[in-house]
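First up is the structure itself, then whatever we jot down about it.
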Amino acid sequence: MPTHDVEAPHERPTRWIRIGSAVLAAQMLALGVPASVTPRWFFDWFPFGAGWVAAGGPYNAHLLSDLGYAYLALAVVLGWAAARPVRELSLTAAVASVVANTPHLLFHLAHAGALPTVDSVAENALLALTVVVGLAVLFAAYRLPARNATGQPDPDLPRERP
């Protein structure tokens with residue numbers, strides 16, 4: 001009789017945490033590298049010459065560089081969660097992503113008229129996707145078992161969620 005591999009309860013959320021965290025880390029790198037290394041180019045040309053950043057207000061090299069560094073820091077945390085999807089790290093990375101991306105989305109929704117309609121729809125759809133992926137990672141991480149620093153189940157931490 002053939003046997004079928006049965007996933008452990010934590011394997012499916014772990015897969016989604018790895019994928020979602022890696023996608024969010026890549027997004028943060030795609031923004032963080034050009035914003036921190038070439039803030040003027042990022043302001044004028046991001047993405048692909050469309051000038052979405054320039055539509056939002058006057059150029060400020062200091063602000064854009066700092067934003068780039070913050071995105072790079074978040075990319076590190078999200079990349080770490082993708083590489084090692086343990087509950088506490090994954091929850092922290094997902095919350096940080098949602099906290100960064102939700103107000104970003106809300107700002108752009110409130111200022112949607114600054115861009116042509118096609119660009120505005122594309123920009124807001126991509127930003128909404130980052131919030132949805134962040135929430136998906138958050139919910140998947142919430143389902144992981146709580147572990148202590150040695151990786152063993154920890155009775156002092158909240159129990160695994162169904």
Side-chain angles (χ1 to χ4, degrees), residues 1-37 42 46-48 52-53 56 63-112 115 118-162:
M1 178 177 247
T3 60
H4 299 285
D5 290 332
V6 177
E7 287 184 338
H10 68 278
E11 287 180 11
R12 179 167 283 147
T14 299
R15 181 179 325 126
W16 289 112
I17 291 166
R18 285 185 190 279
I19 293 167
S21 295
V23 166
L24 292 169
Q27 175 243 351
M28 290 295 165
L29 283 172
L31 297 171
V33 170
S36 61
V37 176
F42 182 76
F46 189 84
F48 311 111
W52 289 358
V53 180
L63 180 64
L64 282 175
S65 295
D66 284 354
L67 176 68
Y69 304 140
Y71 281 164
L72 291 175
L74 191 51
V76 168
V77 175
L78 287 160
W80 194 347
R84 192 173 192 298
V86 294
R87 188 173 196 261
E88 290 72 25
L89 173 60
S90 299
L91 284 170
T92 303
V95 167
S97 175
V98 171
V99 166
N101 286 316
T102 301
H104 191 188
L105 169 62
L106 294 174
F107 176 87
H108 285 282
L109 287 171
H111 297 89
L115 291 170
V118 171
D119 285 318
S120 183
V121 169
E123 177 183 61
N124 288 312
L126 290 171
L127 290 171
L129 182 62
T130 65
V131 173
V132 169
V133 171
L135 289 171
V137 171
L138 179 64
F139 292 127
Y142 186 73
R143 295 188 59 205
L144 290 177
R147 306 271 181 201
N148 64 20
T150 64
Q152 300 302 314
D154 190 336
D156 294 331
L157 294 173
R159 299 274 182 220
E160 177 179 354
R161 304 295 177 216

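Values below: every heavy atom of this structure, side chains too, minus hydrogens, waters and symmetry copies.
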All heavy atoms of Gly32 vs all of Tyr71, minimum pair found to be CA-CB, 3.7 Å
Output for pair (Ile19 CD1, Leu24 CG), nearest 0.5 Å, gives 12.0 Å
Phe46 and Ala30 have their tightest heavy-atom pair at CE1-O, 4.0 Å
Contacts of Phe107 meeting side-chain contact (heavy atoms from CB on, under 4.5 Å) (sequence neighbours excluded), chain-then-number -> His111
Heavy atoms of Ser36 and Leu72 approach each other most closely as OG-CD1, 3.4 Å
Item checked: Any Thr14 side-chain heavy atom under 4.5 Å of Leu144 side chain -> yes
Output for pair (Ser21 OG, Trp80 CH2), nearest 0.5 Å, gives 13.5 Å
Heavy-atom closest pair (Ala82 atom, Ala22 atom, distance to 0.1 Å) is CB-N, 3.7 Å
In a table with atom names and distances, give each donor-acceptor pair under 3.5 Å that connects a side chain of residues 122-131 to protein atoms at least two apart or in another chain.
residue : atom : partner : partner atom : Å
Glu123  : OE1  : His108  : ND1          : 3.2
Glu123  : OE2  : His108  : ND1          : 3.4
Asn124  : ND2  : Ser120  : O            : 3.0
Asn124  : ND2  : Ser120  : OG           : 3.4
Thr130  : OG1  : Leu127  : O            : 2.6

Return all side-chain donor-acceptor pairs below 3.5 angstrom for residues 92-103, not counting sequence neighbours, or 'none' if the list is empty.
residue : atom : partner : partner atom : Å
Thr92   : OG1  : Glu88   : O            : 2.8
Ser97   : OG   : Asn101  : ND2          : 3.2
Asn101  : ND2  : Ser97   : O            : 3.2
Thr102  : OG1  : Val98   : O            : 2.8

Exercise. Side chains of Phe42 and Leu31: closer than 4.5 Å at any heavy-atom pair?
Worked result: yes
When every non-hydrogen atom of Val137 is compared with those of Ser90, the smallest separation belongs to CG1-O, 4.3 Å
Next on the checklist: Under a 3.5 Å distance rule, please check whether Arg87 uses its side chain to pair with a backbone N or O of Arg143 as donor and acceptor.
Outcome noted: no
Heavy-atom closest pair (Leu91 atom, Tyr142 atom, distance to 0.1 Å) is CD2-N, 3.7 Å
